[in-house]
Amino acid sequence: MDILYFAWVRERIGVPRERIETSAATVSDLVAELRSREERYELAFSDLGSLRVAVDQELADFDASLAGVREVAFFPPMTGG
Amino acid sequence: MDILYFAWVRERIGVPRERIETSAATVSDLVAELRSREERYELAFSDLGSLRVAVDQELADFDASLAGVREVAFFPPMTGG
Amino acid sequence: MYVSVQDQPFDLGTVSAKFAEGHSNNGAIVTFTGLVRGGADDRLEAMEIEHYPGMTEAALNAMAENAINRFSLGDALIIHRYGRLVPGEMIMMVATAARHRKNAFEAAEFLMDYLKSRAPFWKREISDSGASWVASKDEDEDALSRW
Amino acid sequence: MYVSVQDQPFDLGTVSAKFAEGHSNNGAIVTFTGLVRGGADDRLEAMEIEHYPGMTEAALNAMAENAINRFSLGDALIIHRYGRLVPGEMIMMVATAARHRKNAFEAAEFLMDYLKSRAPFWKREISDSGASWVASKDEDEDALSRW
């Protein structure tokens with residue numbers, strides 16, 4: 001599964017994207033798995049209220065299923081316009 | 001005093017403007033004086049609710065005073081934009 | 001601030017580009033452009049617009065000044081044509097520049113609402129069945145009550 | 001319908017003029033243009049805009065289609081830049097064409113509200129005191145509740 005990071009999430013993780021093998025069932029499970037890995041993930045995901053997630057390029061909730069999903073992206077609230 | 005007419009008021013009166021001598025104190029008095037003149041004025045001023053008036057180029061009410069006024073204009077509700 | 005009452009066409013592109021120049025303190029620019037529609041069954045041949053020379057310019061200047069003060073605009077523009085126009089031609093435009101989008105949008109709507117029923121223009125539609133003065137709409141008069 | 005996500009500047013005049021062409025059934029055209037402001041004390045050197053290639057285009061297309069359906073638009077346009085922009089440069093624009101002004105205005109505001117907090121762009125401000133990510137505003141999120 002491809003995991004993408006944008007804005008300050010990308011800066012904290014240190015890479016814009018990475019491919020990982022995971023059996024996480026939901027976005028929340030994936031976040032828990034990442035947080036347990038290294039300090040930089042713990043730091044990036046410390047406040048989920050300030051994070052947004054997209055699953056296969058569509059905005060989603062943290063309880064969204066990852067079944068059949070190819071790409072998950074984490075980022076702060078968007079500031080377009 | 002110069003009296004101006006626009007749109008269908010102009011068409012009913014038959015002229016775009018005319019100069020008249022009047023001692024009318026208010027717009028309403030002026031309207032009454034005009035209506036008593038000729039059929040075409042009676043026709044143009046038959047429904048005051050569908051008329052608007054400007055006194056010296058500012059929108060006004062029919063009870064506006066004509067003291068010192070140089071120009072009065074009658075026209076239907078405006079349809080700009 | 002720029003106000004023009006003219007019989008000649010204006011170029012939306014040129015006017016918009018010029019209006020947007022040098023607004024480093026205004027992050028939001030809104031334009032509204034009104035065009036002559038062809039009518040329900042495209043039978044409109046032309047629209048003729050009559051106005052009240054002198055009063056028109058004064059009324060439009062007052063509206064632009066009001067909008068600038070009320071919505072703290074950095075700039076405002078009104079162009080309105082008169083004379084004979086055919087379907088597809090631009091009748092008028094307004095433009096507003098403000099720090100934030102809310103004020104720019106509101107000011108443009110404010111100007112449009114006032115232009116519709118407080119600027120001395122009268123439209124007449126010419127079709128193959130004759131000519132008729134456009135009636136004012138109650139909804140246009142009602143729109144003023146929100147300001 | 002026209003949607004573009006680009007790093008290159010766009011010309012407001014050219015885009016506006018082209019968008020307005022041939023709308024003989026749409027009497028009302030609204031444009032909104034967003035510019036980089038210099039900041040409270042003009043200390044902003046640049047704004048850097050990051051986006052999510054792939055998702056951005058899909059999100060903007062969906063927003064334009066939604067606006068067209070919801071407000072019965074004749075046409076809609078969204079252009080949004082990414083990369084490094086300096087104060088005074090145009091960040092983005094939307095344009096809407098409708099039969100009447102109310103729908104054209106509402107659709108443009110609808111698009112702006114969605115672009116602000118539902119399109120995957122992130123702004124970073126560069127000044128002489130460093131770089132900082134622009135925080136989202138509660139009022140931008142709240143603005144969505146009206147639609």
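Naming: A, B, ... by sequence-line order, numbering from 1 per chain.
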Checking heavy atoms, do the side chain of D:A108, its backbone, both or neither come under 4.5 Å from chain C? both
At their closest point, which heavy atom of C:L12 faces which heavy atom of D:A20, and how far apart are they? CD2-CB, 3.7 Å
Just so I understand: if I count every heavy-atom pair under 4.5 Å between each of C:G34, C:G27, C:A17, C:G13 and chain D, which residue has the most? C:G27
Which pair of heavy atoms, one from C:N26 and one from D:L35, lies closest together, and at what distance? O-CB, 4.0 Å
Greatest number of heavy atom pairs closer than 4.5 Å to chain C - which of D:T31, D:I91, D:T33: D:T31
Is D:V94 in contact with chain C via its backbone, its side chain, both, or neither, using a 4.5 Å heavy-atom distance? neither
A quick test of your reading: do over 12 heavy atoms of other residues, nucleotides or ligands sit less than 6.0 Å from CG of C:D128? yes
Between D:H100 and C:R37, is any pair of side-chain heavy atoms under 4.5 Å apart? yes
Interface moiety of D:M93 toward chain C, non-hydrogen atoms closer than 4.5 Å: neither
With the side chain counted from C-beta on, respond yes when C:K116 and D:R101 share a heavy-atom pair under 4.5 Å apart, and no when they do not. yes
Check each atom of D:K18 against the heavy atoms of chain C and say whether the ones under 4.5 Å are side chain, backbone, both or neither. neither
Angle between ring planes, C:F105 versus D:F32, binned at 30° and 60°: parallel, tilted or perpendicular? parallel
Answer key: most heavy-atom pairs under 4.5 Å with chain D among C:M90, C:E109, C:M112 is C:E109
